[in-house]
Amino acid sequence: MANNKTGFSSSFGVVMAAAGSAVGLGNIWRFPYICGQYGGAASLIVYLLFVFLIGMVLLMTEFVIGRRSGYAPEKAFPALAPKRPSWKLVGLFGMFTCFLILAIYLVISGWTLGYFWESMTGTLASIADDGFADHFASFAASTWKPVLFLVVFLVFTLLIILGGVQKGIEQVSKLLMPILLVLVIALCVRSLTLPGASKGLDYLFHPNFALLTWKGILAILGQALFSLSVGMGAMIVYGSYIPRDSNILKSATWITVCDVAIAVLAGVAIFPAVFAAGQDPAGGPGLVYQVLPVVFNSMGTVGTVFAVLFFLLLSLAALTSAISLLETLTAWLADKGMKRNLAAVLVSVAVAVLAIFVAYSFSGGPLSYITLGGMNIFDWVDKLTGSYLPPIGALFTVIFLGWVMKKEDIHDELSNHGVLEISWFRVFYYFLVRFVAPAALLVALLADLLT
Ligand code: PFF
């Protein structure tokens with residue numbers, strides 16, 4: 001590593017930490033409702049294409065930039081192209097994106113933690129089936145509940161960052177990721193054994209191309225990038241912690257497979273249950289807070305256990321992702337000379353302020369009257385971080401690898417200095433990195449602008 005940072009201890013640590021970053025609210029909260037909005041399996045097919053052809057390419061791109069330079073994004077780009085210092089702007093753009101994502105992430109994680117708490121205390125179980133929409137609305141619009149829970153969530157995240165890269169992030173990810181997998185599989189089994197479950201599977205795996213619009217395609221592309229945590233520099237930071245002898249292609253493949261598997265499993269856990277309880281699968285962002293509790297309540301006592309497990313699963317998945325966002329911003333400031341712990345605390349305070357603002361602007365909240373083009377601040381941050389900023393960041397990042405960095409350097413980095421045989425390099429470099437990924441990103445962005 002360029003500056004003797006402590007990195008991850010092994011390839012397994014890399015995969016667990018990066019999969020921890022990738023698997024999050026995006027997989028369990030956003031993926032199912034995007035799937036629901038844009039044609040079930042039709043969006044799943046497009047999603048898989050984007051994930052493997054563009055997302056995974058970006059993941060490898062960011063790993064190369066991070067490990068080669070040893071830096072967080074602002075310094076990483078200029079370090080690899082010293083004659084083009086202005087590329088640091090792409091790094092800074094990424095930091096801006098991470099900051100916004102972390103803010104909205106904290107809000108949603110706060111709701112999730114709140115629901116976890118309410119499922120434990122029996123509050124959720126005591127609500128009548130037709131009362132969940134109101135309950136969610138009043139929870140999210142409350143002046144203190146979202147703030148209390150987002151701050152608690154942030155404190156957990158901060159404590160892990162203060163523990164360090166290996167003893168904090170890596171250890172926690174190695175512990176939580178397997179738990180997450182077990183939880184999601186347990187939920188799938190329950191969901192699939194409900195009467196009428198096959199309707200949900202049909203919905204998820206039967207394509208309806210009529211619902212797949214250009215807007216939908218950009219949303220799915222944004223989702224594919226968001227879900228793999230690429231396009232904002234987070235994986236550049238984790239890349240800078242990858243041991244020299246780790247195989248980047250192998251790690252990236254495992255991370256992508258984990259990410260896709262958990263998203264699909266989340267769909268399998270959610271849709272059959274939603275159909276079995278006669279709920280609306282296109283429930284939008286409120287799906288997991290308004291629709292799933294009805295499903296859990298319809299299962300009696302065992303439903304309470306599943307509600308607890310589900311919101312625990314979602315909170316833990318969100319935690320390992322929030323960790324990587326806070327770590328990215330911390331590493332960026334630490335690179336600029338600030339003490340790591342101080343940087344982590346400062347970022348936390350700043351992002352907490354923005355997060356409270358975002359929380360209050362959610363529909364029905366005290367600041368929800370501030371709107372622009374018919375959307376409140378929450379909607380804007382969700383739209384920007386979900387659909388627009390990651391594809392823009394990704395476009396420049398992949399252009400940097402394909403057209404600015406030296407091809408020999410990339411080959412050297414991916415082959416671990418010639419140790420690994422990488423016969424796939426030509427396809428990766430001449431086909432995917434230089435043409436397919438930039439063209440797809442550009443077309444999706446332009447198509448959205450023009451339609
Ligand atoms: N990949 C996360 C998810 O799907 O929820 C979101 C995310 C985490 C995006 C970390 C960016 C990031 F740096």
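Atoms within each ligand, like the ligands themselves, are counted from 1 in listed order. Every value quoted in this text rests on a predicted model; they were computed, and no experiment measured them.
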Quiz: residues 255-264 side-chain donor-acceptor pairs under 3.5 angstrom, not counting sequence neighbours:
from   : atom 1 : to     : atom 2 : distance (Å)
Thr256 : OG1    : Ala252 : O      : 2.7
Asp259 : OD1    : Asn27  : ND2    : 2.8
Asp259 : OD1    : Ser227 : OG     : 3.2
Asp259 : OD2    : Ser227 : OG     : 2.7

In short, Ala79 meets Ser69 closest at the heavy-atom pair CB-CB, 4.2 Å

Nearest non-hydrogen partners of Val288 and Phe311, listed with the distance
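For Val288 and Phe311, the tightest heavy-atom pair comes out as O-CZ, 3.5 Å.
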
How would you list, by chain and number, every residue that makes a side chain to side chain contact (heavy atoms under 4.5 Å, CB included) with Ala444, sequence neighbours excluded?
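Counting only residues at least two positions away or on another chain, Ala444 forms a side chain to side chain contact (heavy atoms under 4.5 Å, CB included) with Leu218, Leu221.
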
Check salt bridge (Lys or Arg N to Asp or Glu O under 4.0 Å) between Asp245 and all other residues, then give those that pass, not counting sequence neighbours.
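Not a single residue meets the salt bridge (Lys or Arg N to Asp or Glu O under 4.0 Å) criterion with Asp245.
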
Near ligand 1, which protein residues have a heavy atom under 4.0 Å away?
Ser21, Ala22, Gly24, Leu25, Gly26, Asn27, Tyr105, Phe226, Ser227, Ser229, Met232, Ala234, Ser321, Ser324, Leu325

Do NZ/NE/NH1/NH2 and the carboxylate oxygens of Arg30 and Asp382 come within less than 4.0 Å?
yes

